[in-house]
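Below is one structure, written out as structure tokens; comments come after it.
Only a predicted model underlies this, so the values are computations on that prediction, with no experimental measurement involved.
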Amino acid sequence: LFSYFFKRLAPYLLKYIIKKKFEKFNSQMNSNSPFEKSANKKKEKKKQVGEYIDYEEIEWFNEQILTNVKDLKLEKHLLVVGLFAIFSLIYFYPLLQGKALFQSDIAQFSGMAKQIVDHREEFNEDPFWIDNAFVGMPSYQVAADYPFDMIDSLDKLVRFLPRPADYLFVYLFSFYILLISLGIRMKYAVFGALTFALSTYLVIILGVGHNTKALAIGYTPIIIAGGYKWLDKKYLPGFILASIGLGLQIGANHYQMTYYFMMMIGLLFLIDLIFEIKNKSFNFKKIGVFIGAFFLAISLNSTSILATKEYT
């Protein structure tokens, strides 16, 4: 019921904010305008073919238009992200009543990690071994706090909502980034993000506690957005989106989903490579950006990956 009314009211709220922004823009245009200051000069001028053009006025006008439109677009994106956060909380509204969703897998994980938690509380350090899982195994294969983990800090910044609303927010946020990067109009991007986030499977896995899988799937659209930017020869935004998105996905610690995703992105890269070779437009820069983003994402997770390599 809450989500229904929210979907109905969101477009009107967006229209109201846009209207206020344009009213503010019009008031700025009417005040301090060079057109008003040159009103007396215009009276003396007569319209003739080849009349003098005041380029300073045109430059001022274009600057005001572009600045206000960019500010308006940024505000609209921030508003959409804020509405996504509100929608996520409304969808899981029992969280606002102090309740928590019981997730069977998380309950089992809590039992497995109890020795680690107790050791941290008593000695203020992580143990290196636990004996209550698989007749003993390294503790960092269950839970570990790595120092200077930038990816973990970024992940916590994105998932600022209580669980499981934070996972729904990741679904919405990442798919919205993908659609906007593809040039989809904002209202359709919002609708697409909602349809992706509320798809049956993505909600069901939250109920049983497949949190790492949900997180790995949730960050996938950001990587795809970077891949499309990179294929479109927009190398810097493509590199940033792909490296951060892949870094966050690897940090989710669900390598099965990462493996499936790399198969998909590898196939996309291979198809593009075949077309470039066929058209004799092979671009080493594109390959360099792809490899650089891949290795940066791995480097951001190097501590956990090397720890796992040592154990295996």
Side-chain angles (χ1 to χ4, degrees), residues 2-3 6-7 9-11 13-14 17 72-93 95-96 101 150-206 210-230 234 237-254 257-258 261 265 293 297 300-301:
F2 283 107
S3 61
F6 176 75
K7 292 176 185 177
L9 292 175
L13 183 60
L14 280 171
I17 293 175
L72 179 62
K73 195 170 183 179
L74 178 61
E75 288 181 3
K76 287 168 65 178
H77 287 313
L78 292 176
L79 174 65
V80 169
V81 172
L83 292 176
F84 283 159
I86 295 172
F87 176 80
S88 301
L89 288 173
I90 292 175
Y91 191 85
F92 292 103
Y93 70 90
L95 293 173
L96 304 176
L101 178 66
M150 293 184 294
I151 279 294
D152 183 62
S153 300
L154 181 58
D155 176 64
K156 290 177 180 177
L157 180 66
V158 176
R159 296 193 299 120
F160 62 94
L161 297 176
R163 193 173 68 193
D166 55 344
Y167 295 98
L168 183 60
F169 177 77
V170 169
Y171 293 159
L172 292 164
F173 177 67
S174 62
F175 206 79
Y176 179 75
I177 289 178
L178 170 59
L179 295 181
I180 289 296
S181 67
L182 293 176
I184 306 298
R185 292 176 62 182
M186 183 175 291
K187 61 180 180 180
Y188 300 125
V190 172
F191 179 76
L194 287 169
T195 55
F196 173 77
L198 298 177
S199 57
T200 307
Y201 182 74
L202 296 185
V203 177
I204 287 176
I205 60 177
L206 297 178
H210 293 177
N211 293 350
T212 56
K213 178 186 284 188
L215 203 57
I217 295 174
Y219 285 131
T220 297
I222 299 179
I223 316 172
I224 298 175
Y228 273 107
K229 289 289 185 184
W230 146 67
K234 297 177 181 178
F239 175 80
I240 294 173
L241 286 171
S243 56
I244 292 178
L246 184 57
L248 287 167
Q249 190 192 61
I250 295 173
N253 202 31
H254 199 291
M257 299 309 301
T258 303
F261 168 75
I265 203 72
L300 292 171
N301 293 276

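Looking only at side-chain heavy atoms (C-beta outward), P162 and L89 come within less than 4.5 Å of each other. Side chains of V170 and Y219 form a contact here, defined as non-hydrogen atoms less than 4.5 Å apart. Under the 4.5 Å side-chain criterion, counting only non-hydrogen atoms from C-beta, F160 is not in contact with D166. Counting heavy atoms from C-beta outward, L178 and F196 have side chains that stay 4.5 Å or more apart. Residues I222 and I244 have side chains not in contact (no heavy-atom distance under 4.5 Å, counting atoms from C-beta outward). Counting heavy atoms from C-beta outward, H254 and L215 have side chains that stay 4.5 Å or more apart. Proximity of L206 to Y171: side-chain heavy atoms (C-beta onward) are separated by under 4.5 Å at one or more points. Annotation: side chain of V190 is not in contact with side chain of L83 (no heavy-atom distance under 4.5 Å).
Stacking of R159 on the aromatic ring of Y167 is recorded, both the 6.0 Å distance cut-off and the 45° axial limit being met.
One finds the OG1 atom of T212 at 11.0 Å from the CD atom of Q249 (value rounded to the nearest 0.5 Å). Taking CG from L194 and OG from S199, the interatomic distance works out to 11.5 Å, rounded to the nearest 0.5 Å. Once rounded to the nearest 0.5 Å, the distance linking OH of Y228 with CD1 of I223 reads 13.5 Å. Distance CG/L101 to CZ/R163: 8.5 Å, rounded to 0.5 Å. M257 CE to H210 NE2: the interatomic distance, rounded to the nearest 0.5 Å, is 11.5 Å. Considering CD1 of I90 and CG of L168, their distance stands at 11.0 Å, rounded to 0.5 Å.
What you find for L179 and G192 is that their closest heavy atoms are CD1-CA, 3.7 Å. Minimum interatomic distance between F169 and V81 (heavy atoms only, all atoms of both residues): CE1-O, 3.5 Å. Considering every non-hydrogen atom in both P221 and G218, the closest pair reads CD-O, 3.3 Å. When all heavy atoms are compared, the tightest approach of A85 to L161 is O-CD1, 3.8 Å.
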Item to check | side-chain contact (heavy atoms from CB on, under 4.5 Å) between F175 and T195, worked out | outcome: CA-CA 10 Å; F175 206 79; T195 55; 5.5 Å; no
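Although no hydrogens or angles enter the test, the distance criterion places a donor-acceptor pair under 3.5 Å between the side chain of N301 and the main chain of G247. The backbone N or O of A297 lies less than 3.5 Å from no partner atom in the side chain of S243, so there is not a single donor-acceptor pair.
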